**Student:** 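If you scroll down you'll find the structure; I have some questions about it.
Below, each value reflects all heavy atoms present in this structure, side chains not excepted, and no hydrogens, waters or symmetry copies. Note that the coordinates shown come from a computational prediction; the quantities given were computed from them, not determined experimentally. Residue numbers begin at 1 in each chain, while the letters A, B, ... track the order of the sequences.
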Amino acid sequence: MSETRVRIAPSPTGDPHVGTGYIALFNYCLAKKDGGKFILRIEDTDQSRCSKESENMIFDSLRWLGLEWDEGPDIGGEYGPYRQSERLDIYKKYANELVEKGHAYQCFCSKERLDQIRKVQTSANRPTGYDGQCRRLSSEEAKSKIDNGEAHVIRMKIDRTDGAQTSFYDEIRKKDICYQNKEIDDQVILKGDGFPTYHLASVVDDYLMKITHVIRGEEWMTSTPKHILLYQYFGWDIPKFAHLSLLRNADKNKSKISKRKNPVSLTWFRACGYMPHVMINFFALMGYHAQDEEKFTIDTITKSFDFNNFGTSSPAFDFIKLNNLNGLYLREGSQEEFISYICQKDKDQADYLKSILAIIQERVDQDHPFQYWVETFFKRALVYSKEEFDAIKREPAEISKVLKDLAKYLEKLQVTNEQELKEAIMGFQEKSGFSSKQYMMTVRVSTLEKKYSLPLFESLWVIGKDGVTQRLKQAKDFLNQK
RNA sequence: GCUCCGGUCGUCUAGCGGUUCAGGACGCCGCCCUUUCACGGCGGUAACGUGGGUUCAAAUCCCAUUCGGAGUACCA
């Protein structure tokens with residue numbers, strides 16, 4: 001039996017996600033249990049969304065949790081590079097190999113045509129997917145188009161022989177999951193910009209990096225047959241697959257946990273004073289069961305690790321339970337541990353505090369002491385009052401509408417500095433239909449709770465775009481319940 | 001719509017055909033401790049989605065149905 005090798009393969013877009021920590025934990029524990037290797041691979045194949053800062057935050061967060069990797073972009077390893085953007089030639093080579101073998105083909109269809117196909121399929125209540133137009137192109141035709149400089153991607157050519165199916169065994173569900181090939185789309189594996197899509201990149205890398213177990217979130221289950229097919233087309237051994245159930249929002253809908261409804265960033269949990277071993281214990285409580293006791297550490301999870309111990313239904317991420325756990329650990333720790341916890345927490349928050357202090361220093365007076373200004377920055381649930389909103393001089397319903405639209409608008413935006421955030425918010429005023437004065441007051445009261453508050457954009461930048469969006473929604477909810 | 005996955009207290013879960021009118025934890029309620037709050041202790045509340053089978057016996061097996069989730073991108 002070969003050495004166990006597992007990986008966590010996050011995409012460096014935005015803040016490091018709790019789900020990454022959750023999945024990383026179990027990968028890590030399997031590796032440790034088997035005396036194998038835990039690998040960190042950065043999946044930065046989406047040029048438009050990935051950033052270096054995000055990558056660094058992933059490193060920090062994973063280390064904070066105590067999940068140190070054996071091979072990775074920052075420490076190297078035998079099978080590097082571990083950043084997919086540095087492996088482009090490899091993917092290109094394998095994509096071409098598939099074309100030569102007849103398992104993939106060039107596709108020249110425009111975005112517009114693809115959208116059109118999807119639109120027609122959707123409105124006809126038909127399954128969506130590529131219609132296979134370029135599949136019929138001969139290699140000569142394709143070649144001449146390429147020579148003409150026509151833009152193209154490479155798609156998998158799924159074997160659609162009647163009755164053909166693709167299946168895999170899921171270690172957690174303990175059964176074969178089977179798909180009819182005709183249901184599998186001719187997935188793009190190499191994009192127009194020469195970057196691979198996730199599907200190609202992860203299969204190629206998992207193979208080259210000798211990954212033995214793919215432990216990932218359930219959201220990948222439906223694309224697994226594509227991956228299986230890729231392994232088969234290449235003639236490679238297929239690793240074991242285990243799909244962990246998804247963490248869900250605790251509200252009624254129980255959708256996949258998302259930042260729209262909950263804090264999901266590991267940096268947020270850290271800044272809020274949740275301790276890393278508490279997060280670990282909590283993760284283990286979500287769908288893992290190996291003992292009567294609820295206490296879990298990386299060590300006990302490792303020792304008990306078994307795919308039989310995982311639940312198959314998706315748990316809700318319950319903050320009340322998390323808070324309780326954090327308190328439990330805090331209370332039973334030694335005073336030394338408590339002291340270091342407080343110091344650590346303050347250190348994490350020092351920068352935050354510093355940026356707030358910079359704004360409030362010149363404003364503190366007898367009527368408005370330190371606490372008056374600083375309060376709102378440390379609240380998660382804001383406390384609004386109707387009177388503050390009166391200053392806007394518009395109907396609550398109108399204000400609520402603006403808040404909703406603005407939040408939606410901001411959500412989709414990427415901002416990297418205060419100026420951009422300011423421009424984004426200012427830029428929306430015209431769409432709001434409010435006067436500039438009304439609009440600014442709307443933003444102010446919604447985000448800072450009071451009309452008498454700190455310089456707006458400086459404060460908002462400290463709170464951060466996601467925080468601002470959350471606050472706008474809270475304000476909207478407040479107004480709607482009136 | 002289509003495909004796949006799932007369904008035990010409000011939440012996380014135990015349960016793998018009889019020992020369970022379903023056990024634990026968090027929450028909630030009550031009592032005790034206590035100058036307050038918290039902690040702690042004690043007690044209570046509350047669940048097998050529905051309908052059919054199989055079986056002497058089903059939360060546990062099978063089928064259907066329903067509800068929930070995921071996927072359905074030149075995002076991961």
**Student:** Among C74(B), C5(B), A70(B), which nucleotide has an atom closest to any side-chain atom of Leu246(A)?
**Tutor:**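 Side chain of Leu246(A) sits closest to A70(B).
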**Student:** The side chain of Ile177(A) is closest to which nucleotide in this list: C5(B), U72(B), A70(B)?
**Tutor:**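 Among C5(B), U72(B), A70(B), the one nearest the side chain of Ile177(A) is C5(B).
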**Student:** How is Cys109(A) classified with respect to the nucleic acid when contacts are heavy atoms under 4.0 Å: base, sugar-phosphate, or nothing?
**Tutor:**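 Answer is base: heavy atoms of Cys109(A) come under 4.0 Å of a base.
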**Student:** Picking from U11(B), G7(B), A70(B), which would you name as closest to the side chain of Thr312(A)?
**Tutor:**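 Given the options U11(B), G7(B), A70(B), the side chain of Thr312(A) is closest to G7(B).
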**Student:** Within the structure shown, what part of the strands sits under 4.0 Å from Thr128(A) by heavy-atom distance: base, sugar-phosphate, or nothing?
**Tutor:**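 The answer is base, as Thr128(A) lies within the cut-off (heavy atoms under 4.0 Å) of a base atom.
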**Student:** Return yes if a side-chain donor-acceptor contact under 3.5 Å exists between His289(A) and Asn309(A), otherwise no.
**Tutor:**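 Not at all, the side chains of His289(A) and Asn309(A) share no donor-acceptor pair under 3.5 Å.
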**Student:** Counting only side-chain nitrogens and oxygens, does Asn324(A) get under 4.0 Å of the OP1 or OP2 atom of G27(B)?
**Tutor:**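 Yes.
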**Student:** Should the pair Arg63(A)-Glu68(A) be classified as a salt bridge under the 4.0 Å nitrogen-to-oxygen rule?
**Tutor:**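 Yes, this pair counts.
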**Student:** Expressed as a whole number of Å, how far does the C1' atom of U19(B) sit from that of A14(B)?
**Tutor:**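 Each nucleotide's C1' atom is 16 Å from the other's.
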**Student:** Consider the side chain of Arg173(A), meaning its heavy atoms from C-beta on, and name the nucleotide among G6(B), G71(B), U11(B) that approaches it most closely.
**Tutor:**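 Taking heavy atoms from C-beta onward, the closest nucleotide is G6(B).
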**Student:** When you get a sec, tell me which of C74(B), C5(B), G1(B) is the closest nucleotide to the side chain of Lys175(A)?
**Tutor:**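 Shortest atom-to-atom distance from the side chain points to C5(B).
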**Student:** For a quick check of understanding: with a heavy-atom distance under 4.0 Å over all strands, which category does Gly327(A) fall into, base, sugar-phosphate or nothing?
**Tutor:**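 Contact class for Gly327(A): none.
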**Student:** With P as the reference atom in both, quote the distance from G52(B) to A58(B) in angstrom, rounded to an integer.
**Tutor:**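 Pairwise P distance, G52(B) against A58(B), rounds to 13 Å.
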**Student:** Taking 4.0 Å as the cut-off, does a side-chain nitrogen or oxygen of Lys182(A) come that near to OP1 or OP2 on C2(B)?
**Tutor:**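 So the side-chain polar atoms of Lys182(A) never come under 4.0 Å of the phosphate oxygens OP1 or OP2 of C2(B).
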**Student:** Taking atom P of G1(B) as reference, at what distance in whole Å does atom CD of Gln121(A) sit?
**Tutor:**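 In whole Å, G1(B) P and Gln121(A) CD are 16 Å from each other.
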**Student:** Would Arg216(A) and Thr224(A) count as a side-chain hydrogen bond (donor to acceptor under 3.5 Å, both in side chains) here? Give the steps.
**Tutor:** CA-CA 11 Å; Arg216(A) 75 220 307 195; Thr224(A) 304; 3.1 Å; yes
**Student:** It should be established whether Lys191(A) places a side-chain nitrogen or oxygen under 4.0 Å from OP1 or OP2 of nucleotide A76(B).
**Tutor:**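 Looking at the OP1 and OP2 atoms of A76(B), one of them is under 4.0 Å from a side-chain N or O of Lys191(A).
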**Student:** When you measure from the side-chain N and O atoms of Ser245(A) to the phosphate of G6(B), is any distance below 4.0 Å, counting only OP1 and OP2?
**Tutor:**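 No, Ser245(A) has no side-chain N/O under 4.0 Å of OP1/OP2 on G6(B).
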**Student:** On a whole-Å scale, what distance lies between the P atoms belonging to G17(B) and A73(B)?
**Tutor:**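 42 Å, rounded to whole Å.
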**Student:** Using a cut-off of 4.0 Å on non-hydrogen atoms, how would the nucleic acid contact of Tyr179(A) be classed: base, sugar-phosphate, or nothing?
**Tutor:**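 Sugar-phosphate only.
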**Student:** Is the phosphate of G40(B) approached by Arg331(A) (side-chain N or O, under 4.0 Å from OP1 or OP2)?
**Tutor:**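 The answer is yes; a side-chain N or O of Arg331(A) sits under 4.0 Å from OP1 or OP2.
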**Student:** For the residue pair Tyr288(A) and Phe296(A), does the interplanar ring angle fall in the parallel (under 30°), tilted (30 to 60°) or perpendicular (over 60°) class?
**Tutor:**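 Perpendicular: the ring planes of Tyr288(A) and Phe296(A) meet at over 60°.
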**Student:** Under a 4.0 Å threshold between the charged nitrogen and the carboxylate oxygen, would Glu332(A) count as salt-bridged to Lys295(A)?
**Tutor:**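 Yes, Lys295(A) and Glu332(A) are salt-bridged.
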**Student:** If I pick the C1' atom on G69(B) and the same atom on G23(B), what distance separates them, to the nearest angstrom?
**Tutor:**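 Their C1' atoms lie roughly 28 Å apart.
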**Student:** Taking only the side-chain nitrogens and oxygens of Thr13(A), find out if one of them lies under 4.0 Å from OP1 or OP2 of C75(B).
**Tutor:**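 No, because none of the side-chain N or O atoms of Thr13(A) sits under 4.0 Å from OP1 or OP2 of C75(B).
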**Student:** Can you classify the ring geometry of Tyr28(A) versus Phe38(A) as parallel (below 30°), tilted (30 to 60°) or perpendicular (above 60°)?
**Tutor:**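 Plane angle over 60°, so perpendicular.
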**Student:** Given G27(B), G24(B), A76(B), identify the nucleotide with an atom nearest to the side chain of Glu294(A).
**Tutor:**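 My answer, after comparing the listed nucleotides, is G24(B).
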**Student:** Is the phosphate of G71(B), meaning OP1 or OP2, less than 4.0 Å from a side-chain N or O of Lys226(A)?
**Tutor:**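 Indeed not, no polar side-chain atom of Lys226(A) lies that close.
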**Student:** Can you measure Glu183(A) atom CD to G71(B) atom P for me and round it to whole angstrom units?
**Tutor:**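 These atoms are roughly 17 Å apart.
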**Student:** Of all the choices, G71(B), C5(B), C12(B), which nucleotide is nearest to the side chain of Glu219(A) once you look at every atom?
**Tutor:**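 Looking only at side-chain atoms, Glu219(A) lies closest to G71(B).
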**Student:** Would you indicate, yes or no, if U72(B) has its OP1 or OP2 atom less than 4.0 angstrom from a side-chain nitrogen or oxygen of Arg118(A)?
**Tutor:**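 Result: no.
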**Student:** Choose from G7(B), C12(B), A70(B) the nucleotide whose nearest atom is closest to any side-chain atom of Ser313(A).
**Tutor:**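 When the side chain of Ser313(A) is considered, G7(B) is the closest of G7(B), C12(B), A70(B).
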**Student:** Which nucleotide sits closest to the side chain of Leu285(A): G7(B), C26(B), C12(B)?
**Tutor:**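 Looking only at side-chain atoms, Leu285(A) lies closest to C12(B).
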**Student:** Which is true for Lys174(A) with a 4.0 Å heavy-atom rule: it touches a base, it touches only sugar-phosphate, or it touches nothing?
**Tutor:**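 The residue Lys174(A) makes no contact with any strand.
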**Student:** Touch check for Val153(A), heavy atoms < 4.0 angstrom, all strands: base, sugar-phosphate only, or nothing?
**Tutor:**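 Touches a base.
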**Student:** Any salt bridge linking Asp318(A) with Arg248(A)? Criterion: basic side-chain nitrogen under 4.0 Å from a carboxylate oxygen.
**Tutor:**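 No, no charged N to carboxylate O under 4.0 Å.
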**Student:** Between G71(B), C2(B), U13(B), which one does the side chain of Pro315(A) approach most closely?
**Tutor:**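 Closest of the options to the side chain of Pro315(A): U13(B).
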